A.B. asks: 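Dropping a structure here in structure tokens format, bear with me for questions.
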Amino acid sequence: MPKHPSPSRPTAYVNARLLDPASGLDAMGGLLVEGEKIAAVGKDLFRDGARWRVPEGAAEVDCRGLCLAPGLVDMRVLSGEPGEEHKETLDSLGRAAVAGGVTSLVCLPNTTPVIDDMSVAEFIARRARKVGMSKAYVYGAATKGAKGVELAEMGLLAEAGALAFTDGLNAVANARVMKNALAYASSFDLLIVQHAEEPALAQGGAMNAGSMATRLGLSGIPAAAEAIMVERDIRLAEMTGARLHFAHVSTAESLAAIRRAKDRGLKITCDTAPPYFALTEADVGDYRTFAKLSPPLRSEDDRRAVVAALKDGTIDAVASDHIPEDEEVKRLPFPQAAFGGIGLETLLPITLELVHNRELAMLDALRLVTVAPAKLMRLAAGELAAGRPADFVLFDPERAWQVDADNLHSKSKNSPFDGRAVQGRAVATYVDGRAVFAEESDRR
Amino acid sequence: MTGSARAMPPAPFEGFAHRHLLGIEGLTASEIAVLLDRSESYVELNRGAAKKQVTLDGRTIVNLFFESSTRTRTSFELAGKRLGADIINMSVSTSAIKKGETLIDTAMTLNAMHPDVLVLRHPDSGAARLLSDKVNCAVVNAGDGSHEHPTQALLDALTIRRRKGKLEGLRVAICGDISHSRVARSNIHLLTTMGASVRLIAPRTLVPSRVETLGAEVFHDMAHGLEGCDIVMMLRLQTERMQSALFPSLREYFRFYGLDYDKLAAAKPDALIMHPGPMNRGVEIDSLVADDFGRSVIREQVEMGVAVRMAVLEILTANLARTAQKNL
């Protein structure tokens with residue numbers, strides 16, 4: 001018997017504020033789940049005057065006015081498993097995801113071994129199914145071992161379920177290799193995702209180059225290290241006609257280049273992560289290693305440019321960029337400490353800050369973490385529509401809480417948002433109609 | 001030993017309440033003055049025959065050096081011994097760090113032995129700050145990466161103040177590898193706080209991004225940069241920087257940025273010449289200039305170093321005793 005049996009009878013979720021960015025729906029109504037699928041959804045569905053009347057034989061769940069949205073699709077997550085299970089297992093990853101309202105996530109290939117072989121892709125898919133929390137998909141490595149030298153077996157990996165191809169934490173630095181990866185991938189209509197950072201310019205750097213790095217005596221990673229590779233890769237994408245996506249874009253200069261490329265009709269897309277619109281280099285403070293990220297936290301001008309690009313659509317999606325690192329590699333002098341921060345459980349509240357700060361409308365903010373990344377990854381997810389998998393989240397957009405890394409579900413506690421006061425929290429999460437997270441039963 | 005010798009000196013430390021000395025940044029002009037005044041009182045003592053004090057009798061100081069340094073370590077050791085403290089040296093070689101012994105591990109081990117002061121030299125910026133969060137004793141930063149080296153800036157300031165009678169209003173040039181220099185950063189903070197103006201002179205490859213935000217003016221040629229300067233402070237050039245393509249050769253560096261009498265002519269006639277040591281003669285400084293009896297104060301800097309470190313150890317230990325008493 002499966003761990004979480006699907007509901008044997010249909011369930012009607014009533015009295016919810018339905019939020020579906022794909023259809024533009026924002027109204028009080030109901031949603032009917034039959035088996036693993038959404039059977040019906042709509043404004044005033046099951047409403048009967050001031051009451052709710054659900055179909056014969058269906059169970060009723062009163063959502064008490066909470067927001068009901070598609071489960072979040074997080075297109076940039078690193079799993080510690082396989083290889084670094086002390087940092088994160090697929091179990092802890094799945095629990096952290098659903099606690100954050102994430103129902104689909106895409107794992108970076110930088111595990112040990114690297115996802116450059118079908119067997120690793122299949123291992124992760126099998127383990128994630130067994131865990132039964134968030135659905136887990138994978139990127140295939142663009143090059144063998146994510147070393148940037150020889151192409152990985154992209155065609156075979158795609159057959160094994162890889163959604164797109166990237167060297168993940170590493171940039172494909174060699175221009176010839178990148179050109180070939182783009183050209184080859186485009187023969188199969190596959191998407192290449194690049195971590196844009198010119199390694200020679202970033203070498204030895206610990207934080208954003210600028211007055212803060214100078215004051216702290218830390219080597220800087222210049223904003224140009226990102227922009228130079230973005231500009232180069234746009235040209236390579238144009239040469240090859242390939243689909244290219246830039247991950248976690250963090251600078252004004254790169255965004256300007258991407259905006260120009262999009263205006264010219266190139267198949268260029270990009271995402272950013274919450275730290276790049278919510279934090280700046282000033283958050284490094286007195287050598288806080290939890291704020292040591294890759295790309296590094298940038299200047300206030302860059303942060304504002306990221307917000308502007310979220311508003312004007314230059315940035316297509318927001319991903320958590322969840323990189324679990326344990327104390328052993330974070331409790332070190334800043335230059336020696338590892339890069340990266342966890343983000344699955346802060347993806348929703350930090351994205352909602354854009355709504356609370358009146359930068360984005362609710363549906364536009366949710367689109368960035370649901371249907372937009374689902375479209376980029378060509379997943380049938382991120383929408384509230386009849387026939388779709390019943391992956392959704394109930395959340396309270398107003399709920400105020402304080403991020404406390406110790407209470408997060410991830411095995412690693414390296415949150416750059418530790419201690420931050422935020423608003424908005426997942427109350428319950430459903431995957432294929434099953435309740436995989438409920439806040440009440442989560443109190444420890 | 002008498003009771004009066006062990007009594008806490010009451011007045012002079014009222015103006016310096018910090019538990020640690022991690023950097024110059026953040027200190028006020030009056031706090032810096034308190035440190036310098038106290039240091040001054042030790043200069044005469046060190047020149048006399050009977051140098052031994054009992055101020056820190058029974059106190060334990062650990063010199064924890066993750067980078068080799070003979071002069072700074074010796075200077076702290078001598079300072080501690082002259083004040084009557086027990087002082088031990090721990091040099092952690094880089095190979096031991098690679099074996100897995102981290103800064104925190106070492107710190108926790110030492111902390112369990114109840115030292116009063118830990119003097120730390122470490123190749124990484126921020127190491128002293130990290131250590132200070134983990135231990136119960138006072139921490140003195142004896143150089144952390146490219147961040148700060150506060151006692152060096154204090155001894156430089158003491159040297160200048162004794163020769164020029166003041167710091168305020170002086171024009172000071174700091175020349176050389178600013179990017180990688182903790183001495184430069186501590187000096188910029190100290191000198192600007194005390195009302196001096198600071199000029200940095202180096203090729204662009206050795207100047208960190210937006211350094212002007214620290215309050216210094218940047219020059220790329222010695223002739224303009226040294227104009228009207230009261231103090232010319234040279235920095236040691238690490239020859240490894242050549243491998244990182246930051247400058248082409250030692251002879252080219254000396255031609256354009258090495259201090260010789262020709263370039264020095266742009267500074268004031270009575271400008272003092274300083275260097276934190278150890279010097280690369282013929283690279284950043286010409287031997288004749290370095291040894292110029294009338295203008296080079298390089299050996300005096302070393303002498304002031306001991307006095308400054310005595311003052312720092314004394315004041316931090318006194319502050320430590322106070323917090324301990326408060327906790328009782």
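This structure is a prediction, so every number in the text was calculated from the model and none was measured. Residue numbers start from 1 in every chain, and the chains themselves are labelled A, B, ... in the order their sequence lines are given, proteins ahead of strands.
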A.B. asks: Is the CD atom of A:E327 crowded by more than 12 outside heavy atoms at less than 6.0 Å?
C.D. replies: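 No, CD of A:E327 has 12 or fewer neighbouring heavy atoms, counting only those of other groups under 6.0 Å.
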
A.B. asks: If you draw a 6.0 Å radius around NZ in A:K413, do more than 12 non-hydrogen atoms from other residues or ligands fall strictly inside?
C.D. replies: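 Enclosed.
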
A.B. asks: Would you compute the distance between atom CG of B:D133 and atom CZ of A:R331 and round it to the nearest 0.5 angstrom?
C.D. replies: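 Spacing of CG (B:D133) from CZ (A:R331) equals 10.5 Å.
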
A.B. asks: Going by residue number, which parts of residues 187-195 of chain B are within reach of chain A, meaning a heavy-atom gap below 4.5 Å?
C.D. replies: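 Not one residue of residues 187-195 of chain B has a heavy atom under 4.5 Å from chain A.
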
A.B. asks: Check whether more than 12 heavy atoms from other residues, nucleotides or ligands sit under 6.0 Å from atom CD of A:Q203, and answer yes or no.
C.D. replies: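 Open: at most 12 neighbouring heavy atoms sit under 6.0 Å from CD of A:Q203.
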
A.B. asks: Please report the C-alpha distance between B:S125 and A:F334 in whole Å, then the side-chain angles of each, then the deciding distance to 0.1 Å, and finally whether the side chain to side chain contact (heavy atoms under 4.5 Å, CB included) criterion is met.
C.D. replies: CA-CA 7 Å; B:S125 301; A:F334 201 89; over 6 Å; no

A.B. asks: Among A:P333, A:G204, A:A209, which has the most heavy-atom pairs under 4.5 Å with chain B?
C.D. replies: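 Looking at each option in turn, the highest pair count goes to A:P333.
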
A.B. asks: Against chain A, label B:E25 side chain, backbone, both or neither, depending on which of its atoms sit under 4.5 Å from a heavy atom there.
C.D. replies: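 For B:E25, side-chain heavy atoms alone lie under 4.5 Å from chain A.
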
A.B. asks: What residues of residues 213-225 of chain A sit under 4.5 Å from chain B when only non-hydrogen atoms are counted?
C.D. replies: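 The stretch touches chain B at A:T214, A:R215, A:L216, A:G217, A:L218.
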
A.B. asks: I'd like a table of donor-acceptor pairs (distance under 3.5 Å, sequence neighbours excluded) in which one partner is a side-chain atom from residues 278-285 of chain A, with atom names and distances.
C.D. replies:
{"from": "A:T280", "atom 1": "OG1", "to": "A:A282", "atom 2": "N", "distance (Å)": "3.2"}
{"from": "A:E281", "atom 1": "OE1", "to": "A:N208", "atom 2": "ND2", "distance (Å)": "3.0"}
{"from": "A:D283", "atom 1": "OD2", "to": "A:T280", "atom 2": "N", "distance (Å)": "2.9"}

A.B. asks: Please indicate whether A:K330 has more than 12 foreign heavy atoms, meaning atoms of other residues, nucleotides or ligands, lying under 6.0 Å from its NZ.
C.D. replies: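 More than 12 within 6.0 Å, yes.
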
A.B. asks: Quick one: which residues of residues 198-219 of chain B reach chain A at under 4.5 angstrom, heavy atoms only?
C.D. replies: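 Result: B:P208, B:S209, B:R210, B:V211, B:T213, B:L214.
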
A.B. asks: With side chain to side chain contact (heavy atoms under 4.5 Å, CB included) as the test, would you mind laying out the steps for A:L332 and B:T102 before giving the verdict?
C.D. replies: CA-CA 7 Å; A:L332 291 173; B:T102 66; 4.0 Å; yes

A.B. asks: Count the heavy atoms of every other residue, nucleotide or ligand shown that sit under 6.0 Å from NE2 of B:H18, and state whether that count exceeds 12.
C.D. replies: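 Counting other residues, nucleotides and ligands, NE2 of B:H18 exceeds 12 neighbours.
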
